[in-house]
Amino acid sequence: MGIREGFYDFSSDHILTTVDESLAALRTDHLDVLLLHRPDTLVEPAEVAAAFDTLHTAGKVRHFGVSNHTPGQIEVLKTEVRQPLIVNQVQLSITHAPLVAAGLAANIAGLEQSVDRDNGLLDHARLNGVTLQAWSPFQKGTSDGVFLGDRENYPELDDALRELASQFGTTPTAIATAWITRHPANIQVVLGTTNPGRVREAAAGSDVVLSREQWYRLFRAAGHTLP
């Protein structure tokens with residue numbers, strides 16, 4: 001919750017109203033996890049805390065988290081919020097991986113990849129037991145379509161995905177999923193599909209454990225630098 005027409009809203013009233021609307025739409029009496037979607041720079045942590053306390057006490061929400069929040073934004077919320085923020089949902093795919101790539105190019109002058117746009121989000125999550133959820137796991141960038149099967153822009157990556165899929169007896173989609181789940185941060189994959197076939201295909205990647213060589217091969221094939 002939090003995204004409204006032209007603005008973001010983490011006010012207590014909007015949090016409570018949104019949850020009630022979601023419960024009615026889902027025909028259930030509780031939500032397993034509620035995420036604050038996109039940081040509201042006008043957030044009042046005490047308002048969020050009051051809403052979370054009300055929802056948790058009433059049994060309407062069991063767990064809480066955020067989406068696309070920096071470590072600092074999470075820490076600001078924690079000054080008032082008593083419940084653990086167990087999830088941070090962020091964009092991550094082999095081709096859109098600043099979350100990972102910046103750390104691998106740390107201290108390299110003049111390299112675009114070395115710019116940390118996430119303020120150490122990956123390390124903060126691992127240090128604090130926050131589960132990262134990867135949205136748009138097969139997307140090139142923010143709104144550029146998928147990289148799977150893109151021979152024009154990612155021929156080397158497509159070759160690597162197909163070769164590894166053949167080795168493991170699975171599909172490129174599964175290998176792209178395995179690239180995310182191989183990371184020791186235990187990242188969850190958010191598919192954004194209601195197609196059962198696509199769900200099964202991606203889920204098969206959870207059973208694939210890529211070697212270091214295979215993981216880094218995909219990383220380099222996607223165009224990232226390994227200094």
Side-chain angles (χ1 to χ4, degrees), residues 1-4 7-93 96 99 118-139 177 180-196 198-200 202-203 205-206:
M1 56 72 51
I3 296 180
R4 304 187 70 177
F7 65 103
Y8 299 151
D9 187 355
F10 288 175
S11 65
S12 183
D13 285 345
H14 185 60
I15 294 174
L16 296 174
T17 299
T18 299
V19 168
D20 284 340
E21 291 173 348
S22 294
L23 293 175
L26 295 169
R27 299 179 183 179
T28 186
D29 61 357
H30 75 275
L31 303 177
D32 290 320
V33 186
L34 174 68
L35 303 187
L36 299 175
H37 195 179
R38 291 287 178 190
D40 174 13
T41 194
L42 302 181
V43 64
E44 296 284 357
E47 278 203 59
V48 175
F52 282 10
D53 284 344
T54 297
L55 294 169
H56 195 252
T57 300
K60 291 183 177 181
V61 178
R62 294 182 176 176
H63 303 284
F64 301 86
V66 296
S67 178
N68 307 295
H69 277 55
T70 67
Q73 290 163 340
I74 292 172
E75 293 303 314
V76 168
L77 288 170
K78 287 167 62 177
T79 61
E80 297 285 349
V81 173
R82 295 188 301 168
Q83 294 80 13
L85 298 174
I86 66 169
V87 167
N88 191 4
Q89 193 174 111
V90 296
Q91 185 174 5
L92 176 65
S93 71
H96 182 90
L99 187 75
D118 300 297
N119 298 285
L121 192 157
L122 178 61
D123 295 333
H124 177 270
R126 296 182 72 179
L127 286 168
N128 290 273
V130 177
T131 297
L132 295 177
Q133 294 181 332
W135 58 270
S136 291
F138 312 123
Q139 198 161 306
T177 302
I180 295 173
T181 57
R182 170 64 174 84
H183 197 281
N186 295 318
I187 302 169
Q188 297 176 345
V189 179
V190 179
L191 297 177
T193 181
T194 57
N195 183 316
R198 288 194 64 196
V199 173
R200 285 191 292 270
S206 298

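The model shown is predicted, which means the values in this text are computed figures rather than measured ones.
In this structure a side-chain-to-backbone donor-acceptor pair under 3.5 Å is missing from Ser67 to His37. Formation of a donor-acceptor pair under 3.5 Å by the Asn88 side chain with backbone atoms of Gln133 is not found in this model. A donor-acceptor contact shorter than 3.5 Å links the side chain of Ser93 to the backbone of Gln139. Listed for the Asn128 side chain is no donor-acceptor partner under 3.5 Å among the backbone atoms of Val130. Although no hydrogens or angles enter the test, the distance criterion places no donor-acceptor pair under 3.5 Å between the side chain of Asp118 and the main chain of Leu121.
At least one side-chain heavy atom of Leu85 sits less than 4.5 Å from a side-chain heavy atom of Lys78. With contacts defined as side-chain heavy-atom distances shorter than 4.5 Å, the pair Asp40/Phe7 does not qualify. Side-chain contact check for Lys60 versus Asp20: some heavy-atom pair is nearer than 4.5 Å.
Note: His56 NE2 to Arg82 CZ = 9.5 Å, rounded to the nearest 0.5 Å. Atom CG of residue Asn119 and atom CD1 of residue Ile74 lie 10.5 Å apart, to the nearest 0.5 angstrom. To the nearest 0.5 Å, the span separating CG on Asp13 from CD on Glu47 amounts to 7.5 Å. To the nearest 0.5 Å, the span separating CG on Leu77 from NE2 on His69 amounts to 5.0 Å. To the nearest 0.5 Å, atom CG of residue Asp32 and atom NE2 of residue His63 are 7.0 Å apart. If you take CD1 on Ile3 and OG1 on Thr18, they are separated by 11.0 Å, rounding to the nearest 0.5 Å.
Heavy-atom minimum distance, Phe52 versus Val81: CD2-CG1, 3.7 Å. The shortest heavy-atom contact between Leu35 and Val33 is CD2-CG1, 3.6 Å. Taking every heavy atom of both residues into account, Glu80 and Ala49 meet most closely at O-CB, 3.4 Å. Nearest heavy atom pair, residue Thr177 against residue Val189, reads CG2-CG2, 4.0 Å. Heavy-atom minimum distance, Gln73 versus Asn68: OE1-O, 4.1 Å. Summarising the geometry of Phe10 relative to Leu36, their closest heavy-atom pair is CZ-CB, 3.5 Å, with the distance given to 0.1 Å.
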Next on the checklist: Between Leu55 and Leu31, is the side chain to side chain contact (heavy atoms under 4.5 Å, CB included) condition met? List the steps.
Outcome noted: CA-CA 10 Å; Leu55 294 169; Leu31 303 177; over 6 Å; no

request  = Test side chain to side chain contact (heavy atoms under 4.5 Å, CB included) on Thr131 and Ile86 and set out the steps.
outcome  = CA-CA 6 Å; Thr131 297; Ile86 66 169; 5.8 Å; no

- Query: Please walk me through it: do Asp9 and Ser11 pass side chain to side chain donor-acceptor pair (under 3.5 Å)?
  - Reply: CA-CA 6 Å; Asp9 187 355; Ser11 65; 2.7 Å; yes

